[in-house]
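Have a look at the structure below before the remarks.
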Amino acid sequence: MVQAYILIQTEVGKAAAVAHEISGIPGVTQAEDVTGPYDVIVRAEARNVDELGKLVVAQIQAVEGITRTLTCPIVHI
């Protein structure tokens with residue numbers, strides 16, 4: 001299982017709607033609108049890195065109002 005935080009920038013005023021829509025996507029375990037340089041932070045999981053990439057590109061980035069994403073896989077050192 002691969003887990004990651006996805007940091008999202010949105011159009012002005014769209015953070016709450018984006019977080020709400022993303023929270024319903026399978027594989028997303030948490031989606032919160034926040035303050036700071038990013039507008040939404042998502043925690044997601046997938047079986048492998050390829051599936052995580054598909055989740056981000058095909059489903060999360062398709063949500064209207066998103067302008068940029070940064071995916072940060074969780075590592076256990």
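Quantities reported herein were computed from a predicted structural model and do not represent experimental measurements.
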Is the backbone N or O of Val40 less than 3.5 Å from a side-chain atom of Glu32, with the two atoms forming a donor-acceptor pair by type?
no

Is there a chain of hydrophobic side chains (I, L, V, M, F, W, Y, each step under 4.5 Å between heavy atoms) that links Ile6 to Ile22?
yes

Determine the minimum heavy-atom distance between Val42 and Ala31, stating which atoms define it.
CG2-CB, 4.0 Å

Is there a side-chain contact between Thr69 and Val56 in this structure, where contact means two heavy atoms from C-beta onward sitting under 4.5 Å apart?
yes

Thr10 side chain vs Ile66 backbone, donor-acceptor pair below 3.5 Å:
no

Glu45 and Thr29: side-chain donor and acceptor closer than 3.5 Å?
no

Is there a path of hydrophobic side-chain contacts, each under 4.5 Å between heavy atoms, that joins Val63 and Leu52?
yes

Rounded to the nearest 0.5 Å, the CD atom of Gln3 sits from the CZ atom of Arg43 at a distance of 4.5 Å

Using 0.5 Å steps for rounding, measure from the CD atom of Glu64 to the NZ atom of Lys14.
6.0 Å

Correct closest heavy-atom pair for Ala4 and Pro73 would be CB-CA, 3.7 Å

Hydrophobic clustering (ILVMFWY, side-chain heavy atoms < 4.5 Å, transitive) - are Leu55 and Leu7 grouped together?
no

Treating Ile, Leu, Val, Met, Phe, Trp and Tyr as nodes and any side-chain heavy-atom pair under 4.5 angstrom as an edge, say whether Val2 and Tyr5 lie in one connected cluster.
no

Step by step, work out the side chain to side chain contact (heavy atoms under 4.5 Å, CB included) result for Asp39 and Val18.
CA-CA 9 Å; Asp39 304 306; Val18 167; over 6 Å; no

Transitive ILVMFWY side-chain link Ile41 to Leu70, under 4.5 Å:
yes

